[in-house]
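Hydrogens, waters and symmetry mates are skipped; everything else that's a heavy atom, side chains included, is used. Note that the coordinates shown come from a computational prediction; the quantities given were computed from them, not determined experimentally.
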Amino acid sequence: MATSVPPAVLLGWFDLHERDLPWRAPGLSGWQILISEIMLQQTPVSRVVGPWREWVQRWPVPSAMAAASPGEVLRAWGKLGYPRRALRLHECATVLAEHHDDRVPDDVDTMLTLPGIGDYTARAVACFAYGQSVPVVDTNVRRVIARAVHGREQPGNPSRTDLADATALLPRRADDSVDATAPRFSAALMELGALVCTARNPRCDDCPLVDCTWIRLGRPAHTGPVRKVQKFAGTDRQVRGLLLDVLRGTDQPVLRARLDTVWTTDTAQRDRALDSLLSDGLVELTDDGRFCLAGEAN
């Protein structure tokens, strides 16, 4: 398998094409890397750079964020989308401050016990913050492996075999132990998927992997189910965002009438969206029946 993604070739390409992203600077803490990984989930890099810089300056250690209210963190999250990530990160900061000496632990198993930390995030922090040679598999990596190794245009649904595939590609020493360049190789594999081996219109002429199985097979088209592009306009997600915009724009609880004005097209949808925000703990009710961000009801 490994011959389809030669480590030296991919690392040489990465040396020339690595993007200058702030969370790749040397000397960053596991906490700063964790913030970047949470923000980057389902969000383009260009939208994350500014907020990430603001957050690591405002909350340089977990205890700094834990001291803030959940509402402050949600307000700072702004338009990044999927605001439950911000709420979970605040919960995670509290656990780190109280039980882990105000730092992100350096092993995957311990990280997996933290609020909001899944398998990918734990491995990414272990790899990129602590230099551990663990496989890191995101959508970009799965797509590169599907094409270069398996000859498929698209990777299909996530599987436990994804980790085994990524592990098999890691650079190794003569004794077959994983080489110290493995973390950088993982970053390079991810970068190749983001910049060249893209989901649509892959730039195969610019790819350093000359032994790509998909190319060798004549770039066969994907034959499985086509993933639908998730729309936003008119969805509950949009309505939730509009409701949160009102609450982020004030430091005082608001009456229900003010929230009702943001979406009059479908009042049942608006009510459903508001109920879901309350259920998710993003919004709270005050004793006198007004609405506010989490942690701001008192």
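Taking a cutoff of 4.0 Å between a charged side-chain nitrogen and a carboxylate oxygen, Asp175 and Arg173 do not qualify as a salt bridge. A salt bridge links Glu91 with Arg88; the closest basic N to acidic carboxylate O contact falls under 4.0 Å. Using a cut-off of 4.0 Å between Lys/Arg side-chain N and Asp/Glu carboxylate O, Arg248 and Asp245 are scored as salt-bridged. Under 4.0 Å is where a charged nitrogen must lie from a carboxylate oxygen, and between Asp236 and Arg240 no such pair does. Between Asp15 and Arg184, at least one side-chain nitrogen of the basic residue sits less than 4.0 Å from a carboxylate oxygen of the acidic one, meeting the salt-bridge criterion.
A donor-acceptor pair under 3.5 Å is formed between the side chain of Thr94 and the backbone N or O of His90. Counting only distance, with no hydrogens or angles, the side chain of Ser69 and the backbone of Glu72 share a donor-acceptor pair below 3.5 Å. When atom types are taken as modelled, the side chain of Arg24 and the backbone of Arg19 share a donor-acceptor pair closer than 3.5 angstrom. With Arg203 contributing its side chain and Leu195 its backbone, the two residues share a donor-acceptor pair below 3.5 Å.
In terms of heavy-atom proximity, Ala66 sits nearest to Ala97 at CB-CB, 4.4 Å. The two atoms that bring Thr213 and Ala148 nearest to each other are OG1-O, 2.7 Å, heavy atoms only.
For the pairing with Pro51, the side-chain contact (heavy atoms from CB on, under 4.5 Å) check across Thr43, Ile35, Val56, Leu80 returns one residue only, Leu80. The side-chain contact (heavy atoms from CB on, under 4.5 Å) test with Arg172 singles out one residue from Asp179, Thr181, Val178, and that residue is Val178.
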For residues 110-118, tabulate all N or O donor-acceptor pairs below 3.5 Å that involve a side-chain atom, not counting sequence neighbours.
from: Thr110; atom 1: OG1; to: Asp107; atom 2: OD1; distance (Å): 2.9
from: Thr110; atom 1: OG1; to: Asp107; atom 2: OD2; distance (Å): 2.6
from: Thr113; atom 1: OG1; to: Thr110; atom 2: O; distance (Å): 2.6

What donor-acceptor contacts under 3.5 angstrom involve side-chain atoms of residues 120-133, with partners at least two apart or in another chain?
from: Tyr120; atom 1: OH; to: Glu37; atom 2: OE1; distance (Å): 2.9
from: Thr121; atom 1: OG1; to: Gln41; atom 2: NE2; distance (Å): 3.0
from: Arg123; atom 1: NE; to: Asp119; atom 2: OD1; distance (Å): 3.4
from: Arg123; atom 1: NE; to: Asp119; atom 2: OD2; distance (Å): 3.4
from: Tyr130; atom 1: OH; to: Val104; atom 2: O; distance (Å): 2.4
from: Gln132; atom 1: NE2; to: Asp106; atom 2: O; distance (Å): 2.2

Q: Go through the steps for Arg103 and Asp101 under the test salt bridge (Lys or Arg N to Asp or Glu O under 4.0 Å), then give the verdict.
A: CA-CA 6 Å; Arg103 65 184 297 275; Asp101 297 322; over 6 Å; no

(Q) Apply side-chain contact (heavy atoms from CB on, under 4.5 Å) to residues Arg143 and Gln154 and explain how you reach the verdict. (A) CA-CA 6 Å; Arg143 187 166 56 251; Gln154 300 298 335; 4.1 Å; yes

Q.
Let's go through Val246 and Val262 carefully: what are the C-alpha distance in whole Å and the side-chain angles of both, what is the deciding distance for side-chain contact (heavy atoms from CB on, under 4.5 Å) to 0.1 Å, and is it a yes or a no?
A. CA-CA 8 Å; Val246 173; Val262 305; 3.4 Å; yes

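Screening residues 7-55 for ring-ring contact (aromatic ring centres under 6.0 Å, His included) gives Trp13-His17, Trp23-Trp52, Trp55-Trp59, Trp55-Trp77 as the qualifying pairs, with residues at least two apart or on separate chains.
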